[in-house]
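Presented below is the structure to which this report refers.
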Amino acid sequence: EVAVSWRPSAEFAGNLYKGEGILPASPRDVWECIKPVAGGLRTKWDQNVKDFEVIEAISDTVSVCRTTTPSACMRIISPREFVDVVVMKQYEDGTMLSAATNVEHPLCPPQPNFVRGFNYPCGCFCIPVPGEPDRTELLTFFQTDLGGYLPQTVVDSFFPSSISGFYSNLTKAVKALKA
């Protein structure tokens, strides 16, 4: 189960979307599925991530990354690419976080056959559920400008169902990881 809410973004002319749900897996297993690293599991289960590459590793916790997405909504939304600076952090209570925002990088100019989109401050929080080591509260925040010439109504109808699908597919991925 996931609850999706949204409000107008303070960063751009779109919305800030928030997803919240409890996943039936440990924070470590959830993190294994979502952590933003090259060769990670995200491209295998997340239908909105076609490819993920590290353009520049600034440290073990900060990198510049390029994410590509397939077309969506019966090809109404063309393939996109996003270039972000990404930070990962683990807190003393076991919470794991990845946060990102768009950035320009000389090693990653816009590529043909992709529309350049922009992620404004966004992230995922894997939060331990006290007393329940095999459950994780996952908070996600997305505020994405898909770029191009999409009507806002298309974007507004795409994101809530996309976030719901993200949680559903992630739940399947963590179950498969534990199997």
Side-chain angles (χ1 to χ4, degrees), residues 1-25 30-31 33-36 40-53 64-87 96-104 108-127 135-176:
E1 274 207 26
V2 60
V4 179
S5 57
W6 61 90
R7 65 175 173 79
S9 171
E11 302 287 330
F12 76 113
N15 290 317
L16 164 63
Y17 293 90
K18 176 183 177 184
E20 25 185 352
I22 303 287
L23 295 169
V30 173
W31 181 249
C33 289
I34 67 170
K35 68 183 175 184
L41 296 175
R42 185 97 179 248
T43 58
K44 293 174 178 44
W45 65 265
D46 189 340
Q47 64 193 23
N48 291 316
V49 176
K50 186 173 183 179
D51 194 27
F52 181 88
E53 61 184 305
V64 175
C65 303
R66 176 176 181 258
T67 306
T68 60
T69 66
S71 61
C73 284
M74 298 180 298
R75 299 184 187 254
I76 293 171
I77 300 176
S78 304
R80 294 315 201 239
E81 68 174 347
F82 300 88
V83 179
D84 300 299
V85 61
V86 179
V87 63
M96 288 165 265
L97 150 78
S98 71
T101 193
N102 72 81
V103 68
E104 289 186 26
C108 198
Q111 300 297 304
N113 303 320
F114 290 96
V115 174
R116 177 64 59 97
F118 301 94
N119 286 316
Y120 289 88
C122 57
C124 296
F125 294 79
C126 294
I127 304 164
R135 290 170 56 89
T136 302
E137 180 182 2
L138 181 65
L139 287 179
T140 56
F141 297 92
F142 300 97
Q143 48 182 348
T144 302
D145 177 352
L146 291 175
Y149 301 103
L150 289 171
Q152 193 62 39
T153 54
V154 170
V155 175
D156 292 343
S157 66
F158 169 74
F159 266 101
S161 62
S162 173
I163 293 168
S164 211
F166 173 89
Y167 277 78
S168 174
N169 291 333
L170 176 55
T171 298
K172 292 173 191 164
V174 293
K175 285 179 180 176

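Sequence positions, counted from 1, serve as the residue numbers for this chain. None of the values given here were measured: they were computed from a predicted structure.
In this structure, R7 contributes its side chain and N15 its backbone to no donor-acceptor pair below 3.5 Å. Using a distance-only test at 3.5 Å, with no hydrogens or angles considered, no donor-acceptor pair links the side chain of S162 to the main chain of F158. Side chain of Q143 to backbone of P121: a donor-acceptor contact under 3.5 angstrom is found. Between the T171 side chain and the Y167 main chain, a donor and an acceptor come within less than 3.5 Å of each other.
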Output, in order, the C-alpha distance, side-chain angles, deciding distance and verdict of side-chain contact (heavy atoms from CB on, under 4.5 Å) for V154 and F159.
CA-CA 9 Å; V154 170; F159 266 101; over 6 Å; no
Between F118 and T144, is the side-chain contact (heavy atoms from CB on, under 4.5 Å) condition met? List the steps.
CA-CA 6 Å; F118 301 94; T144 302; over 6 Å; no
Residue pair T101, N119: steps toward the side-chain contact (heavy atoms from CB on, under 4.5 Å) verdict:
CA-CA 5 Å; T101 193; N119 286 316; 6.0 Å; no
After noting the C-alpha distance and the side-chain angles of L146 and V115, does the key distance pass the side-chain contact (heavy atoms from CB on, under 4.5 Å) rule?
CA-CA 8 Å; L146 291 175; V115 174; over 6 Å; no
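When only modelled atom types and interatomic distance are considered, N48 and T69 share no side-chain donor-acceptor pair under 3.5 Å. In this structure, a donor-acceptor pair under 3.5 Å is absent between the side chains of N102 and D84.
In this structure the side chain of F166 reaches within 4.5 angstrom of the side chain of I34, judged on heavy atoms. Residues L139 and I127 form a side-chain contact, since some pair of their non-hydrogen atoms from C-beta on lies under 4.5 Å apart. Looking at P24 and R135, their side chains never come closer than 4.5 Å, going by heavy atoms from C-beta outward. Residues R66 and T68 are in side-chain contact: their nearest non-hydrogen atoms beyond the backbone lie under 4.5 Å apart. Residues L150 and I77 meet the side-chain proximity criterion, which asks for heavy atoms closer than 4.5 Å. Side-chain contact check for L16 versus F141: some heavy-atom pair is nearer than 4.5 Å. Side-chain contact between S98 and W31: present, with at least one pair of heavy atoms (C-beta onward) separated by less than 4.5 Å.
Shown here for V2 and S164, the closest heavy-atom pair between the two residues is CG1-OG, 3.5 Å. The shortest heavy-atom contact between C122 and F142 is CB-CA, 4.1 Å. The shortest heavy-atom contact between T136 and A25 is OG1-O, 2.6 Å. Of all heavy-atom pairs spanning C33 and W45, the tightest one is O-NE1, 2.8 Å. Between E11 and S9, the closest heavy-atom pair is N-OG, 2.8 Å.
For residues 112-127, every residue pair satisfying the salt bridge (charged side-chain N to carboxylate O under 4.0 Å, His left out) rule, not counting sequence neighbours, is listed here: E81-R116. Listed by first and then second residue, the salt bridge (charged side-chain N to carboxylate O under 4.0 Å, His left out) pairs involving residues 141-152 amount to none (not counting sequence neighbours). Contacts classified as salt bridge (charged side-chain N to carboxylate O under 4.0 Å, His left out) and involving residues 40-50 (residues at least two apart or in different chains) are given here: R42-D46.
Note that the CD1 atom of I163 and the CD atom of E20 stand 11.0 Å from one another [nearest 0.5 Å]. The structure places SG of C65 at 11.0 Å from CG of D51, a figure rounded to the nearest 0.5 Å. One finds the CZ atom of F52 at 10.0 Å from the OG1 atom of T43 (value rounded to the nearest 0.5 Å).
Listed by chain and number, the residues in a ring pair (Phe, Tyr, Trp, His ring centres under 6.0 Å) with W6 are Y17 (sequence neighbours excluded). Partners of Y120 according to the ring pair (Phe, Tyr, Trp, His ring centres under 6.0 Å) rule, which considers only residues two or more places apart in sequence or in another chain, are F12. Contacts of P79 classified as side-chain contact (heavy atoms from CB on, under 4.5 Å), with partners at least two apart in sequence or in another chain: S71, F114.
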